[in-house]
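Reviewing the structure listed below.
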Amino acid sequence: MSEKSTIEERIENLKEAGAIQRENGHWDFRGVDISQCNLEDIELEHALYDTQTRWPEGFDYKNFYEAHVELNLQGEKLERQTEEDSFDF
């Protein structure tokens, strides 16, 4: 991918990698390898990700506001939206 790609191209590349952009504009990166994607100017607030998400090298995923999806003991999905909580890989 070109470093000087447009925002539309960057969004298309994320979708081609398997990322889902919800109707509200929020991204779902759970289980997706976006390591080859350019995240410049991509709105990451409220993005969902998990331990399977692969980030671009050097990208500090813990430094943006995130909504984590975890599994409780019964296997039901729970969603937390906090700045303090983050996955440790």
Side-chain angles (χ1 to χ4, degrees):
M1 173 174 31
S2 167
E3 282 291 318
K4 298 188 180 215
S5 61
T6 66
I7 186 70
E8 292 83 12
E9 291 171 324
R10 291 191 293 270
I11 288 171
E12 186 60 32
N13 287 334
L14 283 167
K15 290 178 180 179
E16 287 174 4
I20 299 169
Q21 189 173 27
R22 303 285 180 202
E23 288 180 19
N24 60 9
H26 299 170
W27 285 99
D28 185 344
F29 299 135
R30 292 174 292 179
V32 179
D33 180 350
I34 55 172
S35 62
Q36 301 303 308
C37 296
N38 181 343
L39 298 179
E40 182 180 352
D41 297 325
I42 300 295
E43 179 58 55
L44 297 175
E45 187 172 350
H46 304 292
L48 297 171
Y49 66 89
D50 60 13
T51 58
Q52 303 294 308
T53 305
R54 295 296 165 247
W55 300 96
E57 186 174 330
F59 180 76
D60 185 6
Y61 64 90
K62 290 184 181 181
N63 240 357
F64 69 86
Y65 185 81
E66 64 274 0
H68 299 294
V69 173
E70 295 182 341
L71 297 177
N72 68 12
L73 294 176
Q74 289 76 38
E76 298 170 343
K77 289 185 179 181
L78 301 177
E79 185 172 305
R80 288 196 324 243
Q81 295 184 353
T82 66
E83 291 179 318
E84 296 79 36
D85 298 325
S86 61
F87 289 114
D88 290 323
F89 293 85

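Computed from a predicted model, the values in this text were never measured in an experiment. Side-chain atoms are counted along with the backbone in the values below, which use heavy atoms only and exclude waters and symmetry mates. This chain uses plain numbering: 1 for the first residue, then up along the sequence.
One N or O on the side chain of D50 and one on the backbone of T53 form a donor-acceptor pair closer than 3.5 Å. Distance alone, capped at 3.5 Å, places no donor-acceptor pair between the R22 side chain and the D28 backbone.
One finds the CD atom of Q36 at 9.5 Å from the CD atom of E57 (value rounded to the nearest 0.5 Å).
Linking ILVMFWY residues whenever their side-chain heavy atoms come closer than 4.5 Å, directly or via other members, places L44 and I7 in the same cluster.
The side chain to side chain contact (heavy atoms under 4.5 Å, CB included) test applied to E43 returns E45, not counting sequence neighbours.
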Test side chain to side chain contact (heavy atoms under 4.5 Å, CB included) applied to F29 and L14, step by step: CA-CA 9 Å; F29 299 135; L14 283 167; 4.0 Å; yes

Go through the steps for W27 and I34 under the test side chain to side chain contact (heavy atoms under 4.5 Å, CB included), then give the verdict.
-> CA-CA 12 Å; W27 285 99; I34 55 172; over 6 Å; no

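For the residue pair C37 and P56, the shortest heavy atom distance occurs at O-CG, 3.3 Å.
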